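Notes follow the structure.
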Amino acid sequence: MKTIDQLEQIRAEISAEMAPRFAADRAQGVERHIMVCAGTGCTSSKSLTIIERFKAELEAQGAAEHNRVVRTGCFGLCAMGPVVLVYPEGIFYSHVTPDDVPEIVSEHILKGNLVERLLHREADTGEATHHLEDMEFYKPQMRIALRNCGKIDPENIDEYLAVDGYKALTRILTEKTPAQEIIDAVKASGLRGRGGAGFSTGQKWQFAANADSEDGVKFVCCNADEGDPGAFMDRSILEGDPHSVIEAMIVAGYAIGAHQGYIYVRAEYPIAVHRLEVAIGQAKEYGLLGEDILGSGFSFDLGLRLGAGAFVCGEETALMTSIEGRRGEPRPRPPFPAVKGLFQRPTLLNNVETYANVTWILNHGADAYAAIGTEKSKGTKVFALGGKITNTGLVEVPMGTTLRTIIYDIGGGCPNGKKFKAAQTGGPSGGCIPESLIDTPIDYDSLTAIGSMMGSGGLIVMDEDNCMVDIAKFFLSFCVDESCGKCAPCRIGTKRLYDLLDKITKGEGTLQDLDTIEELCYHLKDSALCALGQTAPNPVLSTLKHFRDEYVAHVVEKRCPAGVCKDLLRYDVDPDKCKGCTLCTRICPAGAISGVLRAPHSIDHTKCVKCGACMETCRFGAISKH
Amino acid sequence: MPNCKTVVPYRGTPEQEEELLRFVAEHKGQPGGVMPALQKTQQIFGYLPEEALILVAEGMDVPLSELYSVASFYAQFSFNPKGEHQVSVCLGTACYVKGSADVLEAVEKKLGIRTGSITRDGRFSLDATRCIGACGLAPVMTVGGDVYGRLTPDQVGAILDKYM
């Protein structure tokens, strides 16, 4: 248990220690901080070994005393991982392996010479950029929710304190700020829920504060059940800056009058779970969680609940049912959770990224936040950029930034010179945005207007090699698997939709089927119980709208233009290129290729199983698929 | 996905059962205690054996049917033991658009089993997983705790050979 004075003292001491990270230049005698990303992406490519290696190497080369190795959260540029950043110069090394460590220490740390071969190179020009802030990837970005990711050690509460952490909470508790004042600030900031639907956060807090509870019990919950495939914003915030979420939840508890909170986090995120456990433990130890916080008389406790792999549990009512220890099925609304939520008590539920924004708003003021973004969508949004894009990773941009900026300027475009085809936002609930709409400024309302949605922030890029019918089918198969089965429209409707799409990808569809699909989509939207079912048709409807010609090609010409749908593929031998080497006739598992030595071969399409082995084996490029 | 009662005999030890019972006793009557108890069971035994679930039901005073109802709802719980080496191929969107379905097919061919099942000798089990969040490495496969990224189907054989 610490007093407020002790917290201030820690802040002062640790921020002095962290000075090299914020210094402009390297001065004589200043120590270096070697920041190594330990997010899930970089950890998967051995960044923990790199950290150990740095420690051992600094020790071995006698430099341990004046240099520190810091384990951080995600820097965002996952495609370049493992990533190492050296302060105070701010030098960015990418694709570092444990074997590179001795050279970085002996050259850079000891002699001050940069290790050129490991410097980050821009995708388009190939030029090496030394500093993080000069990189094309970071320039258009604005980091609010991710402000501490990559800057602090997430498992050290002192470093969070040093970057003004728990300052808002301390101020509120000492000044005894009226709850309404806090709620008004959140309202005035214009912050909207970052989980996808975009409901006003301030309003939500107001409803929960106004709600009466028979026994006075209310709850604050955090939705960290990030189930969208390809979305990892929430995970990165929890891995990189868990205390910012915890602090916001305590403030929320104070504002609505709750004394217990729960974070519902995916069990598939072991690192995030671990960092949360550590952070909650440290906050308790410092007296920032628990009874009588900082001697203010206000008590708030926080518990972790692990999800168990059910996408529907990201829906608010299902999430609460799951915390209660039951099958995570949604229930009809109203009553809304703010009135009757967890254990039948008024409950405030926000998403991880929303909470991470709240602490910034409390520190910098609602006006500063409201100055960023578009008229109806304020602030920034974090996107998980993935798929066919050069700079896979996590980006945070002001609302209203265009897709073009995100995909080309930040993302570096599609790799291997392929042509951009579509961007998919909002996961299984969202839609595909074609190239013609790439200049749309992104905010909640503009995305809904073009048939997609913000969703939690997954942004998957697809190039000319992706078949849009296949993508629609992929998302539907996800919804079929994840439908909880409680309501018939979703349970049966998604399956029937999937069957129809499957028929089309097999070349057995009719034009009538396209109309049936559309009709079924609208029925499903209107009648499903929860958002999972209501939004499941979005990927189908948006691809039908923007890529109808691809559907028609499958149905009428029995052809998959992108060459993805196996049943519609045809492999053929180009007689001009074929040298008659007989290699393919021997490799074909179905015995479908015939031909004699030095004469062009041919493929029997009734026997061909479309495995592609012949095409891979052919040394003359004589076999093509179409 | 085949997730019915397993044919593999129960091999729980008295120590494991004791650990489970201790956890159950601590969480009895706690609101929402069923999920943590199931997660603990799976952590101890690697799956949810019927014998252990009976212990949980009796210890927590919850009907076995309710445990089954909850456990069968969530994808994370398995009534089947997993292989010595658990192979998972990510089918999240980022991996999928980069061809992870072909990687999965190559693993199925190599191991001779279908997704969601286990080899006869119990050494390998194969699952298709939801996004594991290593989208920068897509497509991704994990074998036990080892992560393999930026895969092509023809690399699969050599990787699995290391565990054979």
Side-chain angles (χ1 to χ4, degrees), chain A residues 39-45 77-81 226-232 235-236 262 267-269 272 305-311 313 322-329 342-343 384-388 392-393 424 427-428 458 460-463 465-466 471 474-475 478 481-482 484 612 616, chain B residues 1 27 30-40 42-43 60 62 66-78 88 90-102 105-106 109 127-138 140 142 145-150 152-154:
Chain A
T40 293
C42 287
T43 304
S44 301
S45 34
L77 192 42
C78 305
M80 298 295 146
E226 188 174 46
D228 276 19
F232 49 96
R235 193 203 64 212
S236 298
Y262 290 101
E268 292 92 328
Y269 286 175
R305 286 288 179 275
L306 300 194
F311 177 65
C313 288
S322 180
I323 296 182
E324 288 168 8
R326 295 182 285 138
R327 291 169 70 91
E329 289 173 350
L342 187 59
F343 299 116
L385 204 49
K388 303 280 186 66
T392 309
Q424 209 278 348
I460 307 285
V461 177
M462 286 167 276
D463 67 12
D465 290 343
N466 289 112
I471 290 296
F474 165 77
F475 280 117
F478 181 88
D481 278 353
E482 294 297 340
C484 77
E616 274 170 38
Chain B
M1 205 172 280
H27 289 74
Q30 189 189 18
V34 165
M35 290 267 288
L38 289 173
Q39 276 156 343
K40 185 75 184 173
Q42 181 140 318
Q43 185 206 326
M60 296 195 88
V62 171
E66 193 182 315
L67 287 186
Y68 181 77
S69 149
V70 174
S72 59
F73 184 82
Y74 297 97
Q76 189 199 11
F77 296 121
S78 167
S88 308
C90 179
L91 282 193
T93 320
C95 286
Y96 186 79
V97 301
K98 285 190 153 183
S100 68
D102 296 334
E105 201 185 309
K109 257 190 211 160
D127 288 298
T129 62
R130 297 278 180 246
C131 185
I132 61 164
C135 306
L137 299 175
V140 174
T142 60
D146 304 333
V147 184
Y148 298 92
R150 302 191 181 100
T152 55
D154 53 339

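This structure is a prediction, so every number in the text was calculated from the model and none was measured. So you know, we letter chains A, B, ... as the sequences are listed, proteins then strands, and number each from 1.
Heavy atoms of B/Asp154 lying under 4.5 Å from chain A are absent altogether. With a 4.5 Å cut-off on non-hydrogen atoms, B/Glu105 touches chain A through its side chain but not through its backbone. Interface remark: A/Ile460 contributes side-chain atoms only to the contact with chain B (heavy atom separation under 4.5 Å). Contacts between A/Leu342 and chain B at a heavy-atom distance below 4.5 Å are absent for every atom of the residue. Looking at A/Cys42, there are no atoms closer than 4.5 Å to chain B (heavy atoms on both sides), in backbone or side chain. At a 4.5 Å heavy-atom cutoff, the contact between A/Phe478 and chain B is made by backbone and side-chain atoms alike. Contacts between A/Gln424 and chain B at a heavy-atom distance below 4.5 Å are absent for every atom of the residue. Looking at A/Arg327, the atoms closer than 4.5 Å to chain B (heavy atoms on both sides) sit in the backbone and in the side chain alike.
Per-residue counts of heavy-atom pairs under 4.5 Å with chain A were compared for B/Pro36, B/Ala134, B/Ser69, B/Gly33; the largest is that of B/Ser69. For the set B/Val34, B/Val97, B/Val147, B/Leu91, the count of heavy-atom pairs under 4.5 angstrom toward chain A peaks at B/Val97. With chain B as the partner, the residue from A/Gly41, A/Ala79, A/Gly393, A/Gly386 showing the most heavy-atom pairs under 4.5 Å is A/Ala79. For the options A/Glu268, A/Lys388, A/Met462, heavy-atom pairs under 4.5 Å to chain B are most numerous at A/Lys388. Between chain B and the residues A/Gly307, A/Ala231, A/Gly612, A/Gly81, the most heavy-atom pairs under 4.5 angstrom are made by A/Gly307.
When every heavy atom of A/Ala267 is checked against every heavy atom of B/Gln76, the shortest pair comes out as CB-NE2, 3.5 Å. The two atoms that bring A/Gly325 and B/Val70 nearest to each other are O-CG2, 3.7 Å, heavy atoms only. Contact detail for B/Gly136 and A/Cys78: the closest heavy-atom pair is CA-CB, 4.2 Å. Nearest approach of A/Pro229 to B/Gly92, heavy atoms of both residues: CB-CA, 3.7 Å. Between B/Phe77 and A/Ala308 the shortest heavy-atom distance is CE1-CB, 3.8 Å. Scanning all heavy atoms of the two residues, the minimum distance from B/Ala94 to A/Gly387 falls at CB-N, 3.9 Å.
Side chains of B/Tyr74 and A/Ser322: a donor on one and an acceptor on the other come within 3.5 Å.
Note that the CZ atom of A/Phe232 and the SG atom of B/Cys135 stand 4.5 Å from one another [nearest 0.5 Å]. Rounding to the nearest 0.5 Å places CG of A/Leu306 at 5.0 Å from CD of B/Gln39. Residue B/Leu137 holds its CG atom at 9.0 Å from OG1 of A/Thr392, rounded to the nearest 0.5 Å.
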>> Determine whether B/Phe73 and A/Arg326 satisfy the following criterion, side-chain contact (heavy atoms from CB on, under 4.5 Å), listing intermediate values before the conclusion.
In response: CA-CA 9 Å; B/Phe73 184 82; A/Arg326 295 182 285 138; over 6 Å; no
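Between the side chain of B/Arg130 and the main chain of A/Gly227, no donor-acceptor pair closer than 3.5 Å is present.
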